[in-house]
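See below for the structure under consideration.
Source: prediction; values computed, not measured.
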Amino acid sequence: MTYPYKAIISDLDGTLLNAEHKIGDFTIETLSQLAKKGIDIYIATGRSLPDVKHIIRKVNVDEAMLVTSNGARANFLSGECVLNHHLPEDLAVELMQVEFDSSRICLNTYQGDEWFINIDLESLRKFHKDSGFTYQVVDFKHHHGKQTEKVFFIGKELADLLPIEKKIREQYGDQVYMVYSTPQCLEVMNKGVSKANALEELAERRGYTLKDCLVFGDGMNDFEMLKQAGKGCVMGNADPRLKKALPNNEVIGFNKDEAVARYIRDIF
């Protein structure tokens with residue numbers, strides 16, 4: 001049987017995962033059936049690889065393509081690393097020293113398979129409760145820059161992050177890719193890193209391009225892959241800035257209702 005797309009690509013939080021940041025049973029069954037039809041499955045997320053591997057292993061799939069840290073790393077589920085674009089160590093350390101209001105913002109890094117943070121923030125644990133992936137509290141003034149996939153700032157409100165965005169853009173704009181995964185989370189990766197760039201490389205290894213893919217996302221870090229896809233679907237609960245940036249893309253249901261899985265069933 002011929003299908004309209006060779007692969008589906010989905011973001012996780014706010015998209016494939018439900019309101020509890022877990023993969024629902026309906027979604028697990030849908031993806032498992034999709035894999036049996038020979039349709040490739042890609043996960044493209046800001047999360048770290050150890051976190052994502054735990055989630056996708058709940059699906060009955062022999063292989064999957066995992067794009068993590070917003071495209072800084074790409075792996076096959078079977079283990080092969082396709083790409084890994086770290087921030088230069090000295091640049092990573094400088095980004096960790098950017099001044100911010102610690103009463104409104106917390107600083108995080110993904111480095112290798114580890115997550116570091118400047119304070120113990122219990123509210124973040126709910127996002128990773130299912131996988132068990134958790135952070136280590138460190139003093140970034142005395143921390144290293146090795147294997148830094150991304151440096152990210154989580155603020156109480158978007159307004160808290162705007163001065164940091166401005167400062168980094170002015171000082172390091174030509175050296176980094178900077179994007180909001182949510183209105184409260186500003187993420188900084190190496191120049192040239194994006195979900196779309198990593199996905200193109202993975203898709204080429206499978207013998208096709210993003211134009212052959214059905215893509216789902218909800219955040220500004222999904223913009224490029226949604227724009228370049230054969231069909232890019234925006235979640236009903238998406239960042240309003242994403243909807244405005246992609247006015248011609250179809251808006252579907254909400255992640256709390258497992259809308260991605262429902263849409264996939266309609267298409268396939």
Side-chain angles (χ1 to χ4, degrees), residues 11 43-53 65-76 79-102 105-119 124 133-155 160-182 184-205 219-225 228:
D11 172 51
I43 301 300
T45 176
R47 289 184 181 232
S48 183
L49 181 63
D51 206 4
V52 178
K53 285 170 72 174
M65 283 57 76
L66 312 178
V67 171
T68 52
S69 293
N70 292 320
R73 195 194 310 199
N75 289 71
F76 288 100
E80 180 189 357
C81 181
V82 178
L83 61 87
N84 202 331
H85 296 311
H86 300 134
L87 283 157
E89 287 187 32
D90 56 346
L91 175 57
V93 170
E94 288 185 37
L95 290 167
M96 295 172 200
Q97 310 311 315
V98 171
E99 293 184 4
F100 59 88
D101 182 350
S102 59
I105 298 167
C106 70
L107 171 63
N108 302 254
T109 62
Y110 283 166
Q111 297 176 255
D113 288 342
E114 296 180 296
W115 173 15
F116 300 102
I117 193 171
N118 68 318
I119 56 170
L124 283 182
F133 182 63
T134 192
Y135 54 70
Q136 301 171 54
V137 179
V138 299
D139 180 356
F140 281 105
K141 293 191 185 309
H142 305 286
H143 192 58
H144 65 83
K146 297 175 183 176
Q147 293 185 296
T148 306
E149 294 177 3
K150 71 176 186 178
V151 176
F152 56 112
F153 303 84
I154 301 174
D160 298 325
L161 299 170
L162 294 176
I164 297 175
E165 178 189 5
K166 182 175 184 291
K167 188 180 301 182
I168 293 175
R169 199 172 299 284
E170 288 174 350
Q171 195 162 351
Y172 306 106
D174 61 342
Q175 301 175 63
V176 301
Y177 167 68
M178 185 165 48
V179 71
Y180 285 91
S181 57
T182 73
Q184 292 80 38
C185 187
L186 177 65
E187 313 206 350
V188 189
M189 285 69 59
N190 199 13
K191 182 180 180 180
V193 166
S194 72
K195 290 184 181 183
N197 288 346
L199 286 163
E200 276 290 7
E201 190 163 336
L202 278 172
E204 285 176 10
R205 285 176 170 243
M220 291 304 295
N221 57 336
D222 301 318
F223 171 78
E224 293 91 347
M225 70 176 188
Q228 295 175 37

* Y135: ring-ring contact (aromatic ring centres under 6.0 Å, His included) partners, not counting sequence neighbours -> W115
* Asked: With H143, which residues qualify under ring-ring contact (aromatic ring centres under 6.0 Å, His included), at least two apart?
  ->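 For H143, the residues satisfying ring-ring contact (aromatic ring centres under 6.0 Å, His included) (neighbours in sequence not counted) are F116, F140.
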Measuring from [X]:[atom1] to [Y]:[atom2], what's the distance to the nearest 0.5 Å?
| X | Y | atom1 | atom2 | answer |
| --- | --- | --- | --- | --- |
| E80 | L202 | CD | CG | 9.0 Å |
| H144 | M96 | NE2 | CE | 7.5 Å |
| D160 | C106 | CG | SG | 11.0 Å |
| N108 | I119 | CG | CD1 | 8.5 Å |
| E114 | T148 | CD | OG1 | 11.0 Å |
| L186 | F100 | CG | CZ | 12.0 Å |

Excluding sequence neighbours, so at least two apart, what forms side-chain hydrogen bond (donor to acceptor under 3.5 Å, both in side chains) with [X]?
| X | result |
| --- | --- |
| K166 | E170 |
| D11 | T15, K195 |
| T45 | none |
| T68 | none |

* Is the shortest heavy-atom distance from the side chain of L87 to the side chain of Q175 under 4.5 Å? -> no
* Asked: Given side chains that start at C-beta, do those of Q111 and E149 come closer than 4.5 Å, heavy atoms only?
  ->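 Side-chain contact under 4.5 Å: no.
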Considering all heavy atoms of both residues, which atom of [X] and which atom of [Y] are nearest to each other, and what is their separation?
| X | Y | result |
| --- | --- | --- |
| N190 | P88 | OD1-CD, 3.6 Å |
| K53 | L66 | CG-CD1, 3.7 Å |
| V193 | Y177 | O-CD2, 2.8 Å |
| G155 | L161 | N-CD2, 3.8 Å |
| E165 | M178 | O-CE, 3.5 Å |
| S69 | Y110 | OG-CD1, 3.6 Å |

* Per the side-chain contact (heavy atoms from CB on, under 4.5 Å) rule, which among L107, L124, V138, T109 passes with I117? ->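 Single pass found, and it is L124.
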Suppose we screen for side-chain contact (heavy atoms from CB on, under 4.5 Å). Which residues come up paired with [X], at least two apart in sequence or across chains?
| X | value |
| --- | --- |
| E99 | K167 |
| L83 | A74, H85, A198, E201 |
| Q184 | T182 |
| Q228 | A196, E200, L210, E224 |

* Between E187 and F152, is there a donor-acceptor pair closer than 3.5 Å when you use the side chain of the first and the backbone of the second? -> no
* What residues, two or more places apart in sequence or in another chain, satisfy salt bridge (Lys or Arg N to Asp or Glu O under 4.0 Å) together with D113? -> R73
